[in-house]
Amino acid sequence: MTPKKMAGLNLPNTVPNIIRGEEKLAAGAATVDKLNPHNGELVCRVTRSLTDDVASAVSAAVAAQPKWADLPGVKRGEILYQVALALRQRRDEMARVVALETGKNYNSACGETDAAIALGFFMAGEGQRLYGRTTTSGFPNRMVMTIRQPLGVAGLIIAANTPIANVAWKVFPALICGNAAVLKAAEDTPVTAWLFGKIAHEAGLPAGVLNIVQGLGAEAGVPLVNDSRVAVISFTGSTAVGQSIARDAGSRLAKISLELGGKNPFVICDDADLENAVNWALLSSFSNAGQRCASGSRIIILDEVYDTVRNMLVERIAKLNIGPNDGDDFGPVINERQLTNMLAAIERARNNGAQILTGGARLTDAEHRKGFYLAPTLIESVGPDDEISLNELFGPIACLYRVANFAEALALANNSPYGLTACIHTRNLNRGLEFTKHVQAGVVGVNAGTFGSEPHMPFGGVKQSGNGSREPGTEALDVYSNLKDVYLSFDPQAC
Ligand code: NAD
């Protein structure tokens, strides 16, 4: 489906905030333009929230939270179940919005929407559990247990790459735990967040429990991080911004969950099923235009199969279809600024001696030239400590590395400031298990991709990829709740 055919969508001219269940423009008149990544045309304008707008959203959350928390978890789960159900009923509309805002094709957007719905159902069910722990006491006539308690207001800040999944990943777990939330939408995907907010309220979510603010990171994200009424900040985005959030929110001892960048290794051994490995390497590096924290941007190949794999990759990349339609392999990157940064990084690598095997340039043919399209870029002859090997580019760009043996592959995989995901292709169980044990990553795949984690599983990274928290899965409940120890003493003589 092309963006033109999506004109039937009922989009607001200016995407508003949602505060206390009401659509509201920011107090100032300023807006941000949201452009279609496929053709650079204006999709809509976005209200530009500043400190006072964010404060008003936090006030709404503070006011709504106690009543929401007083509902039994089972009841909160029933309401969130209705939200997930409503999202399923409006799957087509949501997927069309996601496709329009990101330039990814409709089928991919449907897949992402389905993941968000699955997460909603999973978290709604957690309302019936929200387990604590009951254990023995060291003293007679005493019972000990832990119970989960909400934190209060959750500040949620997200990236644009998989917009509806990113919204669901944070909103459902935050709310099931009894928190109210303020979601700072990604400026590149404002409509997705707005539509989710509308669907949630129409499905019965009480006003004020989920508030959505639109705007820029420096203007709307920073005041949310700094608001002393916000008890937990959960952030998905770049490592640089994550570090600044850790400093700011850390200084007031707020709880912080950081899901950050990656430069993920994809290892192909000499005993691998090469056809399968190449299929997964292409998906890991280029699907979603490489805009995945879990993208496989470092392809590490054992010497014996290096030339074969390189030739297979080059051949297959030449056949990739780039565009916004179903059947295309990937679409544009999210905005012009990101594209310019990628092109500059490729240029610096080229000047440093890198060989560009494919791509390396913006697509300028009639079909693509108005959009933010980068040709799938495969690079070799780069050093493991070169800038292009160490820095995340968040685009359809992968580097190849030749290594002599498994030990070198593992060492190179770990030679990164990041540690989000990793994958190895091998038929040797010993290599698969040794890699799984020693690779420095929060998520490991064997004979699959660097991406593809499931909603009920905990996702997150080590090193510069995060701060050790895991979302979603039941582990997300630990981010959004406090444990309280309860000691119950009784006196058998008083019965
Ligand atoms: P970004 O860090 O620039 O922005 C992410 C969000 O933070 C946006 O909503 C932005 O408005 C906001 N923001 C920016 N500066 C801020 C500040 N100073 N204070 C508060 N909020 C601020 O990231 P991006 O370029 O939009 O997204 C790509 C990055 O996200 C990549 O690094 C990618 O790996 C990462 N990511 C990580 C995961 C994960 O789960 N680990 C998932 C998706 C994306």
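Numbering of ligands and ligand atoms starts at 1, following listing order.
- Partners of Ala64 under the side-chain contact (heavy atoms from CB on, under 4.5 Å) rule, at least two apart in sequence or in another chain, are Val209.
- Each of Ile157, Ile158, Ala159, Asn161, Lys184, Ala185, Ala186, Glu187, Gly217, Gly221, Val222, Phe235, Thr236, Gly237, Ser238, Val241, Ser244, Ile245, Glu259, Leu260, Gly261, Cys293, Gln338, Glu392, Phe394, Leu420, Phe459 has a non-hydrogen atom positioned under 4.0 Å from some atom of ligand 1.
- Taking 4.0 Å as the cut-off between side-chain N and carboxylate O, Arg470 and Asp478 do not count as a salt-bridged pair.
- Under 3.5 Å, the side chains of Arg292 and Asn264 contain no donor-acceptor pair of N or O atoms.
- For the salt bridge (Lys or Arg N to Asp or Glu O under 4.0 Å) test, no residue two or more places apart in sequence or in another chain qualifies with Arg252.
- Annotation: salt bridge (Lys or Arg N to Asp or Glu O under 4.0 Å) contacts involving residues 22-36, sequence neighbours excluded, comprise Glu23-Lys198, Asp33-Arg45.
- Using cut-offs of 30° and 60° on the angle between ring planes, the pair Phe172 and Phe196 is perpendicular.
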